[in-house]
Structures are given as structure tokens and as C-alpha cells.
A.B. asks: 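Handing you this structure, nothing more for now.
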Amino acid sequence: MIKIKKISLIWQVLIAISVAVPLGLYCAPDWLVRLFNTFNLLISQLISFIVPLLVLSLIVPAIVQTKEGAGKMLLYTLCIAYASTVIIAFISYLCGDAVFPYFVTPVEADITSVDKTSYPPFVKIGFPPFMDVMSALLLSFIIGLCCLKIKAPVVIDFFLEFKEIIMMTISKAIIPLLPIYIFGNFLNMSKTGDIVDIAGNFVFVILFIVVLSILWIIFQYLIAGIVARRNPFKMLGTMLPAFVMAFASASSAATLPVSLAQAHKMGVKDNVADFVIPMCSNIHLSGASLRTIALAVAIMIMYNVPFDIMMFTSFILVFSITVVAAPGVPGGVIMSSIGLLTTMLGFNEPMLAIMVPLSIVLDNIGTAVNVTGDGAVMVIVDRLMGRSDLKMTENIENK
């Protein structure tokens, strides 16, 4: 029997876009566009329903499982990974805010409309979520921290199993529907003529993200080299196989064996490499942060949505927490951040229709940046742990 290889999500998205655009521009009948708009409305309602549950299922287990960490090493890793994710987000925002207005052209579109311009869905069925994303985030911290304090095994086991249920829903139901959802969105944008403006805008945006990603990787290793007093480019060269694997697979989980193997070649302590690399695969998301913020700024400029540094500061700080332990599948980060984009930045259906496919298409470079940066975080943690051990030894000798 011939085994058919499954097409990766990014290729499914690219195929959906390449078919939808010419179909919408030249020959799609109105009823077909309305049919897919109806389908997409249902999918968007399902996504809105599942996102708060996704936040609960990710954050609570992430908090209760920190007890498995190694004290000071855990604290160092968390602080450095979070700082890296936040810093590149602000750099991405500041650079995008300064550069994009010269290259991104606003489109003529009514972003308050959810009826897909002149092709409204046939029916509208709504199933609102149990709570909004911010409420889910707050509840997650309350439950997680209290479970750590009172040692509630029943509640902890419930949320660990609840995470499996939500992950199965995401991977088996929502992710497989995303290419069809994207097909419908691009079919509508092509039919209404918006696709021409959008394509012209995002050629430069994608180039911007790629260049900034490369510069950020180099910067991370320069900092690691200064802290550890080692050659940053030699360390970066050691991690290049992990970069290639992450770019090819768009999965930090699939890249983990390669990342660990290369990490052990960098001359750090084995226990540091074995702890930091797996942990950073879930919490160090600098590449995803760079990509998400740059795309958000570009889309808001394109749709004339006002924004400022305070709005993005709130978004960046919450986003960097929410996407911790995002699903280990392509598209997981954007699924985790949809609720924040809508509630904190004012994104609506047409804006998400651009954000989702571009995020998935750029998932490879984002994952590669995440994974490669894990090596820099590991080197810094190894240096800090070495200083801690030295200080402890000195204290013992003094006594």
C-alpha cells in the first residue's frame, strides 16, 4: 500500500491562497463567496469560543508544573526568556511604527463591517464564549497560584487533562479547518478587489520581518558572548543545524532533539542544557513576538486603526505571558493571541483574515528564531549559574 505523506500546514495555506486569489479575481460566482463567508463566520465564532478555554488550559498547567523546576535555574531562565520576548516585541513595534507608514498604503475598507462587504453570509449563528480573554487570564493565575500553594491534586489533574482535551480540539478540529477558512477569506478579498492593495503592502513587511529576525539572532549571541566571554559567532555556528531544522519543520518540539544535541556541543554544563533547552522551547518566543507585533502594526496602519505605545505596551506584556506553552503545532501562537488582538488592539474579521495566514506563512522563520535564541539564553543561564556556584563556594570557605 502506498503511504500518502501529509501536506504540512504552511503548504496547505499557500495552496489555498494560490487557488482562492485567481478564482476570486476572475470567475467566482457571488453565491460561492457568500457560502464560504457563511462557513468562515461559523469558524470565527468557534475560534472566539475556544480561545478563553485555550488560555485556561495553557496557563494553569504551566504554573502548576513550575514546581518541577530547579529553583534558581528556573528563575534565571524565566526572566531571561520573558525579557527577550518583550524586548524584541518593543523593537519590532518601534521599527515598524517608524518605517511602515512610508511603505504600507491604507486600503479603502470599512473595518467595522462583519458582513464581508457586499457578500454577506447566508445565515448568522452565534455562540459567545464563556468569558473574555482577560478574565480567562486572570482566572488562570488565580487557580494556578492557589494550586501551587494548597497542593490541590484533583484540580491540577483536572487542568492537565483539560489541556489534553483543548489541544485535541485545536489539532483535530480547528487547525485542519484553517486552510479552508483562509481560502474563504482570500476568495472574498479577491472578489472585492482588496487583495491587490494587501499584496503590495506586505511584500515589504515580510522582508522587514526576515531582516529583523536575522539581526535579532546575531544580537542575542553578541549579548551571550559578552556575558559568557566567548566567541558569539562560533556559538551561533554551532546552533545553525537547529535553525535549519526549525525552519524546515516550523515546530520547536520536532527540533528539540537537534537543539539539545547542538547545545551540548557549546561547552555548557549538561544539567543546564538539559533543563534550559526544553523549557525555552515553550517559553522563549522572541521570533513569534517579533512577527506578531510587526504584522499587527502593519495591518493597523493599513486599515487606519489608531494606536500608540501605551496600547502596544499592554498588549506586549500580556501577549508574552499568554503564548507561553502555546500548542506545539504550526499556527499555535496565532491561535493563542487571537483573543488579545481583538480585545486589546481592536482587530476584527477583515484584519484577522490577513493576520492569520501571514502568521502561518511566517511561522517557519519565527520558530527558527525562537529555537536558535534558546542557545543564547542557555549560555547566559550557564554563566549565571556558574557565578552562583562560585559565590556559594566562597561563602562555605569563609565559614
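The shown structure was predicted, so the numbers you read here are calculated from the model rather than taken from an experiment.
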A.B. asks: Using a 3.5 Å distance criterion without hydrogens, assess whether the side chain of S18 forms a donor-acceptor pair with backbone atoms of I15.
C.D. replies: yes
A.B. asks: Are the side chain of S190 and the backbone of L25 linked by a donor-acceptor contact shorter than 3.5 Å?
C.D. replies: no
A.B. asks: What side chain to side chain donor-acceptor pair (under 3.5 Å) pairs are there with at least one residue in residues 290-301, not counting sequence neighbours?
C.D. replies: R291-D363
A.B. asks: Could you check whether atom CZ of F158 has more than 12 heavy atoms from other residues, nucleotides or ligands sitting under 6.0 Å from it?
C.D. replies: yes
A.B. asks: Could you measure the distance from the CZ atom of F100 to the CZ atom of F204? Nearest 0.5 Å is fine.
C.D. replies: 6.5 Å
A.B. asks: Does the side chain of V19 reach to within under 4.5 Å of the side chain of F186, using non-hydrogen atoms?
C.D. replies: no
A.B. asks: Would you say the side chain of V227 lies within less than 4.5 Å of the side chain of V379, judging by non-hydrogen atoms?
C.D. replies: no
A.B. asks: If you compare all heavy atoms of P179 against all heavy atoms of Q12, which two are closest, and at what distance to 0.1 Å?
C.D. replies: CG-OE1, 3.3 Å
A.B. asks: Is there a continuous path of hydrophobic side-chain contacts, each under 4.5 Å between heavy atoms, that joins V104 to Y102?
C.D. replies: yes
A.B. asks: Taking all heavy atoms of L285 and all of T85, pick out the closest pair and write down the distance.
C.D. replies: N-OG1, 3.3 Å
A.B. asks: Is S289 close to V86 at the side-chain level, that is, under 4.5 Å between some pair of heavy atoms?
C.D. replies: no
A.B. asks: Measure the shortest side-chain to side-chain distance between V276 and D374 over non-hydrogen atoms and say whether it is less than 4.5 angstrom.
C.D. replies: no
A.B. asks: Does I354 offer a backbone N or O that forms a donor-acceptor pair with the side chain of N185 under 3.5 Å?
C.D. replies: no
A.B. asks: Would you say F39 has more than 12 foreign heavy atoms packed within less than 6.0 Å of its CZ?
C.D. replies: yes
A.B. asks: Distance from M239 atom CE to M266 atom CE, nearest 0.5 Å?
C.D. replies: 6.0 Å
A.B. asks: NE2 of H284 to CD1 of I277: how many Å apart, nearest 0.5 Å?
C.D. replies: 10.0 Å
A.B. asks: So, do I360 and I182 sit near enough that their side-chain heavy atoms are less than 4.5 Å apart?
C.D. replies: yes
A.B. asks: Using every non-hydrogen atom in the two residues, find where A273 and H264 come nearest and quote the distance to one decimal.
C.D. replies: CB-CE1, 3.9 Å
A.B. asks: Would you find a donor on one side and an acceptor on the other, under 3.5 Å apart, between the side chain of N37 and the backbone of P121?
C.D. replies: no
A.B. asks: How does the hydrophobic cluster around I226 look, that is, which other residues are in it when side-chain heavy atoms under 4.5 Å mark a link?
C.D. replies: none
A.B. asks: S213 side chain to I209 main-chain N or O, any donor-acceptor pair under 3.5 Å?
C.D. replies: yes
A.B. asks: V377 and C280: which non-hydrogen atoms are nearest, and at how many Å?
C.D. replies: CG1-SG, 3.7 Å
A.B. asks: Between Y303 (side chain only) and F347 (backbone N and O only), is there a donor and an acceptor less than 3.5 Å apart?
C.D. replies: no
A.B. asks: Using salt bridge (charged side-chain N to carboxylate O under 4.0 Å, His left out) as the criterion, list what pairs up with D30, not counting sequence neighbours.
C.D. replies: K191
A.B. asks: Below 4.5 Å, heavy atoms only, C-beta onward: do L358 and I206 meet side chain to side chain?
C.D. replies: yes
A.B. asks: Please state whether the rings of F315 and F319 are parallel, tilted or perpendicular, taking 30° and 60° as the class boundaries.
C.D. replies: parallel
A.B. asks: Go through the steps to decide whether F103 and F208 satisfy the test ring pair (Phe, Tyr, Trp, His ring centres under 6.0 Å), and finish with yes or no.
C.D. replies: CA-CA 11 Å; F103 295 93; F208 169 89; 9.5 Å; no
A.B. asks: Quick check: do L53 and F162 have side-chain heavy atoms less than 4.5 Å from each other?
C.D. replies: yes
A.B. asks: When you measure from the side chain of S84 to the backbone of I80, do you find a donor-acceptor pair of N or O atoms at a distance under 3.5 Å?
C.D. replies: no
A.B. asks: Check T372 against A368 and note the closest heavy-atom contact, atom names and distance.
C.D. replies: OG1-O, 2.6 Å
A.B. asks: Within this structure, what is the CE-CG distance for the pair M351 and L345, rounded to the nearest 0.5 Å?
C.D. replies: 8.0 Å
A.B. asks: Can you measure from OH (Y181) to CD1 (I43) and round to the nearest 0.5 angstrom?
C.D. replies: 9.0 Å
A.B. asks: Using every non-hydrogen atom in the two residues, find where A263 and M378 come nearest and quote the distance to one decimal.
C.D. replies: CB-SD, 3.5 Å
A.B. asks: Please round to the nearest 0.5 Å and tell me the distance separating atom CD1 of I87 and atom OG of S286.
C.D. replies: 10.5 Å
A.B. asks: Quick check against the 3.5 Å criterion: does Y82 have a side-chain atom that pairs as donor or acceptor with the backbone of I321?
C.D. replies: no
